[in-house]
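What follows is a single structure, written as structure tokens, with notes after it.
Quick note: numbers below take in every heavy atom, side chains included, and nothing from hydrogens, waters or symmetry partners.
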Amino acid sequence: MISRKKTSWIMVGVCLCLNSAQTQTIILDDFLSGLIQNHPVFEKEKLTPQIHQEEQTSYRGTEDWNISALLNYSHEEPMIAIAGPEQTDAVNVIGGVDRLFWATGGRLSASFSSSKANIELDPQFGFPESFYMNQVSIAYSHPLLRNRKGYLNQLQYNLKQFDIDFTEIQTKENMEDFLKSSAAKFLDWVFLNEQKIIVVNRLKLSKEELERTQRKREANLVDQVDVIRAEDAVRSWKQNLVLVESRWQALQAELSVVSQNTELLNTAPKYDLYAIQNQGPLEDAVKQLKEESRILQILDIRLRQLEYAQTGYEETGKSDLSLVAEFNIKKFDEELAKSLGMDKPDALIGLQYSFPVQNRTAKHKIVKTQLQTTQLQKQQEEITLTLESALTNLHIQISELENVLKLNQEQIESAKERTEEELKLYNQGRGDLTFVILSRDNEDNAKNTYATNALTYHKLTLEFEALMDQLYE
């Protein structure tokens, strides 16, 4: 007949089996893919380059056509009217357009003005009391030295492209950092899962040992103190299981909230914690890091931006030589209709020249940019050494941990053999239950050490992949 205690443990075992069958699993790649799809940090980061791009596009506004209009009324009474009008009233309407051309740096402007004036003047001068005047003007200036081909007009726009390229790479780096920290928490979850398996197995063995000790006690083969020791071992491992379960569930809930995936609450992690990953030769990794590192690419973008800005400062230091051309046609008449028949042209063409005498602003900005370039080059060398040293450190740690993991396996096998021998001695009446319990504890400690070192190993490989920019592509 089966006892009530045994029946309860059978029911617990059945429930655990049913839960295991119903529990889904999730791998690391699927967890990270879910984060990329659902977590707001990725959408937030993707907006940064778009913001800079919109700012860059706003600089194109300097190339837009500008339309202007002016309507005014003027009344003038001179203090002394000796040979001029005693009073003048005029209405002026002026409209115009102008535009800057980026491709050439030239500026075109055109305007139309129409005026009507009423004047009070001595009739002996023979000047009409009212008249109309209309005029059309066109002007164009074209740079020949400074701002040739519109270099300065396009400077801010082109400099902003470096910011866009910078933020695109920085965004990927930020996303990778977030994925790395999230993946590390997933590995912690895997580790707790492995700990739970170790504790459950240990609790099972402790219960079996307790039942065996109780049978021996009933047969007067052992003392009551052995039963107490076995019961203490069961209670201790039950406490350990509760602690591991609580940490496991807490981390599961945290990852569920972070990934915005409620199905994760009914999911267990699936990951080979004891798998060995080949990192390849260190020399190849260092070479790839120097060629493809995002951080080094960011610094290279800043160097090219400084180089371009310096060219802009050199451009501002040039003399301003521009070709200017103007053409006007106008008509003055007492009648509005006749004044519209504009037939009096004016034309002008020439060169306009100016230069800064000391040019201190451009000169000092050029020197400042040269110093910044040198500083950034040294920073690039510094970061290259830092990255290479960090990569070398990780590569050595990972390689050495692989050897440690092999030793952990040997330690576990040795602990198992010792437990078997201690159990044989105890069953033969030549040993003590305390040594059996200690031996099993050593076996579980060896398993925990193996799992802890495996967790460290995979977190180091995670750091290695992130340093090589392989975690987020």
Between Q56 and Y157 (side chain of the first, backbone of the second, donor and acceptor by atom type, cut-off under 3.5 Å), is there such a pair?
yes

Salt bridge (Lys or Arg N to Asp or Glu O under 4.0 Å) between D346 and K330: does it pass, once the steps are laid out?
CA-CA 8 Å; D346 295 328; K330 57 188 179 300; 2.5 Å; yes

Will you find, in the side chains of E76 and S74, an N or O donor that is under 3.5 Å from an N or O acceptor?
no

Quick one: closest heavy-atom pair of G312 and L152, and the distance?
O-CD2, 3.7 Å

Exactly one of Q50, K160, Q156 clears side chain to side chain donor-acceptor pair (under 3.5 Å) with E55, and that residue is K160

With no hydrogens and no angle check, just 3.5 Å: does a side-chain donor-acceptor pair link D89 and Y73?
yes

Can you run down the salt bridge (Lys or Arg N to Asp or Glu O under 4.0 Å) pairs that involve residues 258-277, sequence neighbours left out, and say none if there aren't any?
none

Parallel, tilted or perpendicular: rings of W189 and W248 (30°, 60°):
tilted

Suppose we call two aromatic rings close when their centres sit under 6.0 Å apart. Are Y274 and Y450 close by that rule?
yes

Between the side chain of Q279 and the main-chain N/O of T461, is any donor-acceptor distance below 3.5 Å?
no

Exam field: side chain R99 to backbone E63, donor-acceptor pair closer than 3.5 Å
yes

Beyond-backbone contact of D177 with Y472, side-chain heavy atoms, under 4.5 angstrom
no

Under 4.5 Å between any side-chain heavy atoms of F162 and L306, yes or no?
no

Just wondering, do N193 and K196 contact through their side chains at under 4.5 Å, heavy atoms?
yes

Is there a donor-acceptor pair closer than 3.5 Å between any side-chain N or O of T316 and the backbone N or O of Y313?
yes

Heavy atoms only: give me the nearest I138-N328 pair and the separation to one decimal.
N-OD1, 4.2 Å

Any side-chain heavy atom of L299 sitting closer than 4.5 Å to one from Q379?
yes

Side chain of H395, backbone of G280: donor and acceptor closer than 3.5 Å?
yes

Between D163 and Q305, do the side chains contain a donor N or O and an acceptor N or O under 3.5 Å apart?
yes

If the threshold is 4.0 Å, N to carboxylate O, is there a salt bridge linking K172 and D469?
no

Here the side chain to side chain donor-acceptor pair (under 3.5 Å) pairs for residues 30-44, sequence neighbours left out, are none

Please answer whether the main-chain N or O of K149 pairs with a side-chain N or O of T104 as donor and acceptor at a distance below 3.5 Å.
no

Do other residues, nucleotides or ligands put more than 12 heavy atoms under 6.0 Å from Q375 CD?
no

If I compare all heavy atoms of R146 with all of E315, which pair ends up nearest, and what's the gap?
CG-O, 3.3 Å

Any chance CD of Q352 has more than 12 other-residue heavy atoms, nucleotides or ligands included, within less than 6.0 Å?
no

We want to know whether D320 and S322 form a side-chain donor-acceptor pair, criterion being a heavy-atom distance below 3.5 angstrom.
yes

Will you find, in the side chains of D284 and Q288, an N or O donor that is under 3.5 Å from an N or O acceptor?
no

Backbone N/O of L265 and side chain of Q252: donor-acceptor pair under 3.5 Å
yes

Quick one: closest heavy-atom pair of I301 and F166, and the distance?
CD1-N, 3.9 Å

Is the shortest heavy-atom distance from the side chain of L323 to the side chain of Y140 under 4.5 Å?
no

Any chance you could lay out the side chain to side chain contact (heavy atoms under 4.5 Å, CB included) test for Q277 and H458, step after step, and finish with the verdict?
CA-CA 9 Å; Q277 301 178 8; H458 283 278; 3.5 Å; yes

Measure across E463 and K180 and return the closest heavy-atom pair with its distance rounded to 0.1 Å.
OE1-NZ, 3.5 Å

Heavy-atom side-chain contact between M468 and L289 under 4.5 Å
yes

Within the structure provided, determine whether K331 and N134 are in side-chain contact (heavy-atom separation under 4.5 Å).
no

May I ask you to check whether Y308 and Y151 place their ring centres under 6.0 Å from each other?
yes

Heavy-atom pair of closest approach, residues T262 and S256:
CA-OG, 3.6 Å

Min side-chain heavy-atom separation R302-Q380 under 4.5 Å
no

Whether N201 side chain and I197 backbone form a donor-acceptor pair below 3.5 Å
yes

